[in-house]
Amino acid sequence: MKRNEFLKSLGFGTIALVAGEGLLSCGMNMDAAVAPNVTDGEFINALEIPETINGTTPLVAQSIQDELLTGKKVMVQGYHNGILGPTFRVQKGSNINIAFQNKMSEHSNVHWHGLVVPAEMDGHPEQMVMPNESFNIQFPINQQAGTSWYHPHIHKTTAKQVAQGLAGLFIVESPEEKALNLPSGSYEIPLIIQDKRLTTDGSIKYNPTMMEVMSGYMGETILVNGTYKPFLNVATRFYRFRVLNGSSARIYNLALSNGADFYVIGSDGGILPQPEKVKNLMVSSGERADILIDFSTLKVGEQVYLINETFSTMGTSQGTQSYKIIDFIVKNQESDTFKMPSSLIPVPKIAGSSKTRKFTITMDMMAMSGGMHKINGKVYDSNRVDETVSFGATETWEFDNSTGDEAHPMHIHGVQFQVVSRIGGRNTIFPQEKGWKDTVLVAPSEKVQVIMKFEQKGKFVFHCHNLEHGDDGMMLNFEVK
Ligand SMILES: [Cu+2]
């Protein structure tokens, strides 16, 4: 049953017949429970920039104090000195050796989202690091330059731990990328965009109702790099922004408040073949976008906001409101040495698919006890291997959301894939999908095909990166052998 039909059925008084405990506890104020409005206000806090570390720096998951709202110190979770974690910056071809320590009172682990690493290092939900335990993370970087990220991946508590602050960026660099002379140093800025629901004392509240498990949990406060109402002083030149949508469920349709064009130069797992000029860019949970913004057309003293523009393609709970995300204030006049290259880094097309697997992604309203969100009719079972893939095989996987009315960003571990086709719904492959991907947004009515080569042996998961959907069971195991 679709969500809309389900809500209609509630109106006919069938609640007692279809409801489980979860539904009754969420009350009858259904729409109020979904998609709280984002509040606007003055952008007066300087954007915090996470510290940059190398591939051998220890990482500690901990409960720690931070101040999300001015003057309100609260406990959050993070990997460093507050919410979120440092940004790893490593070279292609290097070896990673990270001593990970869990200093929290609950078990956790680290998934390297976007990095193609051995299965035993991937942060599979079974790989738990218990409180006060350590785990040595080692893997080689054998992939192209790109913007990956890291976060916990414990089944049923991934969303909560990410919401409480456990996430960080992992940047891979390469000589090919360096040769492009993209804006770097203080002109290369990470933007980790997350929505939070904050209590009046300024702490992060994570307690989704059943309705919010259906839609995804959305907060009314947008943080960028953990900063509330952030601004960034910029000069009259090009900047590179590494955007991560680190939200549980909220999808952003990024645009500039002056309607100016900007350029997508990279997707989840690498640089695009050429810059793509856009006015809007849809980024769903887990996805990254490497973008260039040209502030040279503005004068000192002017400002422009990165905003979310409304959209109507992702179901009724998403995109209902336009709001500001960050304020760019032009502070300095500077001459720009950067010239936009006409081509970037080639992305050789993956071909020779030996098999097509089809995955129907559905929400089953009647299955409240065992998880409503399913892939091919199944909810996640850690003891079950759902798909077996031959090592070295190239395959096409199709995610079919043609009967659904919620959006599902589907993420596959252990690979970087390419988007082959999108049939139904938005019916197109978007600029940010013309390169290496690990997460693809499958909107209502859409069937999306991706192609990839499996080059890591072992057991991995693939799942919806709407983290409430994933925790609810929209995740399966596959084994490469
Ligand atoms: Cu989903």
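As the structure lists them, so they are numbered: ligands from 1, and atoms in each ligand from 1. Note: hydrogens, waters and symmetry copies are ignored here, and every other heavy atom, side chains too, is used.
Looking only at N/O/S atoms, His469 comes nearest to the Cu ion (ligand 1) through ND1. Taking the N/O/S atoms of His408 in turn, the shortest distance to the Cu ion (ligand 1) belongs to ND1.
The existence of a salt bridge linking Lys156 and Glu468 is excluded, since no basic side-chain nitrogen approaches an acidic carboxylate oxygen closer than 4.0 Å. Salt-bridge formation is not detected for the pair Asp386/Arg357: no Lys NZ or Arg NE/NH1/NH2 atom is positioned less than 4.0 Å from an Asp or Glu carboxylate oxygen.
With rounding to the nearest 0.5 angstrom, the CG atom of Asp290 is 12.0 Å from the CG atom of Leu244.
When atom types are taken as modelled, the side chain of Asn308 and the backbone of Gln321 share a donor-acceptor pair closer than 3.5 angstrom.
The Cu ion (ligand 1) does not have His373 among its coordinating residues (no N/O/S atom, backbone or side chain, under 2.8 Å). The nearest N, O or S atom of His465 is not closer to the Cu ion (ligand 1) than 2.8 Å.
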